[in-house]
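Contents: one structure, followed by commentary.
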Amino acid sequence: MVKSSTPIWVLLFSFIFGFEKPRVRLVAIIGLMVAGVILTVEGETKFDMIGFMLVLVAAVVSGLRWNLTQLLLQQDRLGMDNPIATLYHLSPIMFVTMLFLSLVFENPIDQFRESKHFDNIFHVMESFGLMAIGGLLALAMTLAELYLIKSTNTVTLSVAGISKEIVIITLSVLFFGDVLTPKNMLGLLVSIIGIVWYNYYKMTKAKQAESSQYQMIPMHSSSKLED
């Protein structure tokens, strides 16, 4: 439920970095979608302060990370406006960081020795094959996210993330038999309404920008004729 607050932090940092202008309607849309996601995943009754703080910090840092990524992608002077180039420079840092944390907290070497997925050459090849497929899918998803940020903004990415959660929940119900309570169903409906509202907001904003551009053309033309 705390992780569901990520779009709020994305929006807040978008205001701070100047990517979005503070608008009541936009805040209401994001708030509605977050409320829907919270209702959808509601059900956790055990509270742990350390877990709460870790997830909250992760949500805040996630919002900051995506806005810094947008800053890199949309500032040509930084030389990292290409998503592939951005991923090329950031991936080694992320790999070293994750490898260090894995060695410290997970002790993967002992797990490889004891795991049944690495007890013979067939299982080793199968495991690495599945990891390679997952890695390729993750690479494709990351590139898609970077291209989306470059073409739009981080707020649109967070809305797309909520759409992904809705699809995952729907597939879990259809294929794995997960049961949704009436409250979860209400949250799903609220999230969908928020997504539709956001799309309508973006379409209205684009039409307004287009109409204002067309209104400026005759003014420039008339000024040139007068000269």
Side-chain angles (χ1 to χ4, degrees), residues 1-7 9-10 33-34 37 40-41 43-44 51 54-70 72-73 80 82-180 184 188 191 195:
M1 293 173 65
V2 180
K3 188 66 171 64
S4 304
S5 66
T6 299
W9 300 108
V10 170
M33 284 188 286
V34 170
V37 174
T40 304
V41 301
E44 179 66 40
L54 287 174
V55 176
L56 181 61
V57 171
V60 175
V61 173
S62 178
L64 177 61
R65 175 185 64 134
W66 285 122
N67 278 276
L68 290 176
T69 303
Q70 181 176 346
L72 288 175
L73 290 171
M80 296 179 65
N82 188 299
I84 297 179
T86 302
L87 192 62
Y88 174 80
H89 287 90
L90 295 181
S91 292
I93 301 173
M94 293 188 289
F95 172 76
V96 172
T97 303
M98 296 302 297
L99 179 62
F100 172 76
L101 293 175
S102 177
L103 292 174
V104 172
F105 294 104
E106 296 179 339
N107 196 11
I109 297 177
D110 288 342
Q111 292 192 25
F112 286 154
R113 292 173 181 173
E114 300 173 0
S115 175
K116 63 180 181 180
H117 299 290
F118 295 92
D119 56 359
N120 58 56
I121 187 63
F122 175 77
H123 287 164
V124 170
M125 294 177 62
E126 181 184 29
S127 299
F128 278 105
L130 291 174
M131 286 189 287
I133 294 173
L136 289 174
L137 292 175
L139 175 62
M141 183 189 70
T142 304
L143 284 175
E145 290 173 340
L146 294 177
Y147 275 105
L148 180 62
I149 292 176
K150 181 174 176 58
S151 302
T152 57
N153 52 43
T154 54
V155 178
T156 302
L157 177 67
S158 65
V159 174
I162 295 175
S163 304
K164 181 192 72 175
E165 296 296 332
I166 293 175
V167 172
I168 291 174
I169 293 171
T170 304
L171 292 177
S172 68
V173 172
L174 295 176
F175 293 101
F176 299 105
D178 290 356
V179 179
L180 297 179
N184 299 142
L188 208 60
S191 299
I195 293 171

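The shown structure was predicted, so the numbers you read here are calculated from the model rather than taken from an experiment.
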Neighbour count above 12 (heavy atom, 6.0 Å) for Met98 CE: no
Rounded distance [0.5 Å steps], [atom1] in [X] versus [atom2] in [Y]:
| X | Y | atom1 | atom2 | answer |
| --- | --- | --- | --- | --- |
| Leu130 | His117 | CG | NE2 | 9.5 Å |
| Leu72 | Lys150 | CG | NZ | 11.0 Å |
| Asn82 | His89 | CG | NE2 | 10.5 Å |
| Thr142 | Leu87 | OG1 | CG | 6.5 Å |
| Ser102 | Ile109 | OG | CD1 | 9.0 Å |
| Ile162 | Ser191 | CD1 | OG | 6.5 Å |

Does any non-hydrogen side-chain atom of [Y] lie less than 4.5 Å from one of [X]?
| X | Y | result |
| --- | --- | --- |
| Thr6 | Ser158 | no |
| Ile195 | Ile166 | yes |
| Val159 | Met33 | yes |
| Leu64 | Trp9 | no |

Residue pair Thr97, Leu101: steps toward the side chain to side chain contact (heavy atoms under 4.5 Å, CB included) verdict: CA-CA 6 Å; Thr97 303; Leu101 293 175; 4.2 Å; yes
Closest non-hydrogen atom pair between Trp66 and Glu145, with its separation: CH2-OE1, 3.2 Å
Contact summary for His123 and Lys116, nearest pair of heavy atoms: ND1-O, 3.0 Å
Of all pairs that satisfy ring pair (Phe, Tyr, Trp, His ring centres under 6.0 Å), the ones with a partner from residues 142-172, not counting sequence neighbours: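 Applying ring pair (Phe, Tyr, Trp, His ring centres under 6.0 Å) to every pair that reaches into residues 142-172, excluding sequence neighbours, yields nothing.
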Phe105 and Phe100: CA distance, side-chain angles, deciding distance, side chain to side chain contact (heavy atoms under 4.5 Å, CB included) verdict: CA-CA 9 Å; Phe105 294 104; Phe100 172 76; over 6 Å; no
Side chain to side chain contact (heavy atoms under 4.5 Å, CB included) between Leu171 and Val167, worked out: CA-CA 6 Å; Leu171 292 177; Val167 172; 4.0 Å; yes
Verify, without hydrogens or angle tests, whether [X] (side chain) and [Y] (backbone) share a donor-acceptor contact under 3.5 angstrom.
| X | Y | answer |
| --- | --- | --- |
| Asn67 | Val10 | yes |
| Thr152 | Leu148 | yes |
| Gln70 | Asn153 | no |
| Ser62 | Ala58 | no |
| Ser127 | Val124 | no |

Derivation and outcome, side chain to side chain contact (heavy atoms under 4.5 Å, CB included), residues Asn184 and Ile169: CA-CA 10 Å; Asn184 299 142; Ile169 293 171; over 6 Å; no
